[in-house]
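Just so you know, ligand 1 is whichever comes first in the structure, and atom 1 is the first atom listed for that ligand. Source: prediction; values computed, not measured.
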Amino acid sequence: YKNPHYASGRTTMVHLFEWKWDDIADECERFLGPRGFGGIQISPPNENLMIWSHQRPWWERYQPISYRLVTRSGNEQQFANMVRRCNAVGVRIYVDAIINHMTGTWNENTGTGGSTANFGNWHYPSVPYGRNDFNFPQCVITSNDYGCCPDRVRNCELSGLKDLNQGTEYVRQMIVNYMNHLISLGVAGFRIDAAKHMWPGDLRVIYDRLHNLNTAHGFSSGARPYIYQEVIDLGGEAITRDEYTSLAAVTEFKFGLELSRAFSRSNQLRWLSNWGTNWGLLAHNDALTFIDNHDNQRGHGAGGNILTYKQSKQYKGAIAFMLAHPHGWPQLMSSFDFHNTEAGPPMDNSGNIISPSINSDESCGNGWICEHRWRQIYSMVAFRNRAGNTAVSNWWDNGSNQIAFCRGNQGFVAFNNDYWDLNQTLQTCLPAGTYCDVISGEKSGSTCTGKRITVGNDGRASISLGANEFDMVVAIHAGSES
Ligand SMILES: O=C(/C=C/c1ccc(O)c(O)c1)N[C@@H](Cc1ccc(O)cc1)C(=O)NCCCOc1c(-c2ccc(O)c(O)c2)oc2cc(O)cc(O)c2c1=O
Ligand SMILES: [Ca+2]
């Protein structure tokens, strides 16, 4: 369950948060396929409760009302079409699976596919689920339960959301049927939302009943779904992510928290010379890594100040480090502009999501940020692909916030987050030649639109990175030779 099954040479996933299925299919063909992206995490495809009283907040998609594939992102036919078109260009689809709970209790009770439910007696006819499918007696998780009481964290309601009992055969079957239907449509795996709130033993039973991936979509026979479990664990809780790494991969929240600190200068970059398990991070194959995610980019999620697109220079620096360093399986966040912590995606006045527009400079409009389309970010996806399994070598730092390192003989990257310029002759580990810096520009034909770096026969090059330049990174690799 720890293999993403990316097409060969691809390494990185992007979370196209709240995108519609038709728009994702287009993005696979016009951008993500050609630019070497490995996969996409999509928003929950199952029917959710429409919560108009909060102006259709982003978190309404985390309140299931059925497992029918009808949401504001599209219907089952559009979903199947998206998976087929993305797989055809080497881009995998990972489904955000919400199997811990159903809805909370609201005045509204209509789903995105027209289903209704009676929250008061735990009745969800479109599944169907009834009272016996939920944990009993009814209780709500309190904040100190996280420190003392694993049973309550699993068996009580998270934020008032009706808590399913995955210990019964019937609930397991409903969940497995839902996930196997998605596998038959060609998905490559799942994010398990709120995994901390479910028993590892129940999850193991569910995972083991999932079918192998659908070979008609290019997966090798016997391929098991890639599963990464959302376990928010920054220490101090009774439940740890280690209970879940024996089952499948886990979201590594420490990764984004520590890199946000480092690139906000709360920690010097030089300390990143032993980045990896020495920092208490999960082992490489256990770790789904990211800087920010849909929840903590809004400030109230796990951890302190997480860098987002709003602190663009530092954010691009942290993203570049995540993609340049071999540790973990990275996920990029692709956001919409938000002005308050609960706002949902750009929508028209009847509540339909507005598609991103694509500008002539390849950026997005209509309120979509499309971080994955920022040159400094997609270039580092290509860098990571090129670096493959090579190790970090030739680490250099100035004892403060200027660092540099090689990836085998395939790539070289330098960072300057100090208040003074970086001017050094450094070992790039690359063969002699002229390379385009893929951060300040890119290779177009045989010229560079940004900096040109000349590497001598000794592999050394003069690297300059001004403290006030637009970006704090220089990156060259075997594919950017001009
Ligand atoms: O802020 C939110 C939603 C947050 C959220 C949603 C999806 C996620 O994957 C996630 O990680 C967080 N929801 C708002 C609004 C809300 C929603 C539903 C509700 O019944 C009450 C309020 C909120 O203020 N929530 C309370 C604090 C955040 O507590 C939530 C957590 C959560 C936060 C920190 C933890 O350490 C943890 O183990 C779980 O996970 C969810 C998962 C869900 O699938 C749906 C949820 O409503 C939630 C969720 O409310
Ligand atoms: Ca639970």
Side-chain angles (χ1 to χ4, degrees), residues 15 17-18 41-44 46 48-51 53-65 94-108 119 122 129 133-136 138-147 149-168 171-172 175 190-203 206 228-241 243-244 250-251 253-254 256-257 288 290 292-303 306 331 333 338 340-344:
H15 180 191
F17 185 55
E18 288 279 12
Q41 175 180 309
I42 61 166
S43 282
N46 63 289
N48 63 269
L49 177 66
M50 298 194 288
I51 304 180
S53 57
H54 286 250
Q55 296 79 44
R56 310 303 302 278
W58 64 270
W59 40 259
E60 73 165 41
R61 291 192 78 154
Y62 290 89
Q63 308 227 4
I65 197 165
Y94 304 91
V95 170
D96 197 350
I98 311 168
I99 59 176
N100 172 65
H101 53 261
M102 299 302 278
T103 69
T105 299
W106 300 89
N107 296 327
E108 303 95 323
F119 314 129
W122 286 265
Y129 279 144
D133 304 316
F134 296 85
N135 284 315
F136 182 84
Q138 195 244 354
C139 49
V140 180
I141 303 171
T142 65
S143 52
N144 57 32
D145 286 337
Y146 288 98
C149 314
D151 294 31
R152 291 182 56 84
V153 176
R154 272 68 174 261
N155 299 334
C156 293
E157 293 175 350
L158 165 60
S159 304
L161 298 158
K162 306 295 176 190
D163 202 56
L164 285 166
N165 178 0
Q166 298 81 14
T168 71
V171 172
R172 288 170 174 181
I175 290 170
F190 302 93
R191 170 187 185 264
I192 305 298
D193 177 74
K196 181 201 295 183
H197 300 275
M198 293 180 276
W199 292 100
D202 291 337
L203 290 175
I206 288 166
Y228 51 104
Q229 303 160 107
E230 184 208 19
V231 181
I232 302 177
D233 170 12
L234 296 172
E237 295 187 21
I239 297 168
T240 70
R241 64 247 187 113
E243 296 181 54
Y244 295 87
V250 171
T251 52
F253 279 83
K254 285 183 185 170
L257 185 62
L288 188 281
F290 50 95
D292 62 327
N293 78 350
H294 62 282
D295 177 41
N296 66 20
Q297 75 170 180
R298 288 167 166 73
H300 62 76
I306 301 293
Q331 177 184 88
M333 180 71 199
F338 58 89
N340 68 67
T341 63
E342 66 178 22

Original post:
Quick one: does H101 get a heavy atom under 4.0 Å from ligand 1?
Top reply: yes
**OP:** Please assess R61 against E18 for the test salt bridge (Lys or Arg N to Asp or Glu O under 4.0 Å), listing each intermediate value before the final yes or no.
**Re:** CA-CA 9 Å; R61 291 192 78 154; E18 288 279 12; 2.9 Å; yes
Subject >> Within-cut-off N or O pair, E230 and ligand 1, under 3.5 Å >> reply: yes
Subject >> Heavy-atom nearest neighbour of atom 32 (C) of ligand 1 within options L158, D96, T105, V153 >> reply: L158
Original post:
Of all the atoms in ligand 1, which lie at a distance below 4.0 Å from a heavy atom belonging to R191?
Top reply: 9 (O)
Original post:
With a cut-off of 3.0 Å, does any N, O or S atom of H197 fall short of it relative to the Ca ion (ligand 2)?
Top reply: yes
Original post:
Less than 6.0 Å separating the ring centroids of F290 and F253?
Top reply: yes
Original post:
Going by distance alone, is a donor N or O of one side chain under 3.5 Å from an acceptor N or O of the other, for E60 and N48?
Top reply: yes
Original post:
Out of F253, W59, Y62, whose heavy atom sits nearest atom 7 (C) of ligand 1?
Top reply: Y62
Original post:
Does the side chain of D145 come under 3.5 Å of the side chain of T142 through a donor N or O and an acceptor N or O?
Top reply: yes
Original post:
Looking at W58, which atoms of ligand 1 are within less than 4.0 Å of one of its heavy atoms?
Top reply: 3 (C), 4 (C), 5 (C), 6 (C)
Subject >> Metal site the Ca ion (ligand 2): N/O/S of R154 inside 3.0 Å >> reply: yes
Original post:
Are Q63 and W106 linked by a side-chain donor-acceptor pair shorter than 3.5 Å?
Top reply: yes
**OP:** Return yes when H54 approaches ligand 1 closer than 4.0 angstrom through a heavy atom, no otherwise.
**Re:** no
**OP:** Give the numbers and elements of all ligand 1 atoms closer than 4.0 Å to a heavy atom of H294.
**Re:** 7 (C), 8 (C), 9 (O)
Original post:
Strictly under 3.0 Å, is any N, O or S atom of N100 next to the Ca ion (ligand 2)?
Top reply: yes
**OP:** For D292 and Q297, test the side chains for any donor-to-acceptor distance below 3.5 angstrom and give the result as yes or no.
**Re:** yes
Original post:
Looking just at side-chain N and O atoms, do T251 and Q229 make a donor-acceptor pair shorter than 3.5 Å?
Top reply: no
Subject >> Interfacing atoms of ligand 1 (cut-off 4.0 Å, heavy-atom, S159) >> reply: 19 (C), 20 (O), 21 (C), 25 (N), 26 (C), 29 (O), 30 (C), 49 (C), 50 (O)
**OP:** Please work out whether the ring planes of Y62 and H294 are parallel, tilted or perpendicular, with thresholds of 30° and 60°.
**Re:** parallel
Original post:
Measuring to the Ca ion (ligand 2), does E157 have an N/O/S atom at a distance below 3.0 Å?
Top reply: no
Original post:
Out of N293, I232, I141, whose heavy atom sits nearest atom 33 (C) of ligand 1?
Top reply: I232
Original post:
Looking only at heavy atoms, which two atoms of N100 and D193 are closest? And how far apart?
Top reply: CB-O, 4.5 Å
**OP:** Can you sort out which atoms of ligand 1 are near D193, meaning under 4.0 Å from one of its heavy atoms?
**Re:** 7 (C), 8 (C), 9 (O), 42 (C), 43 (C), 44 (O)
**OP:** Show which atoms of ligand 1 fall inside a sub-4.0 Å distance from at least one heavy-atom site of H197.
**Re:** 37 (C), 38 (O), 39 (C)
Original post:
Is the NZ or CZ atom of R298 both under 6.0 Å from the centre of the six-membered ring of W59 and within 45° of that ring's axis?
Top reply: no
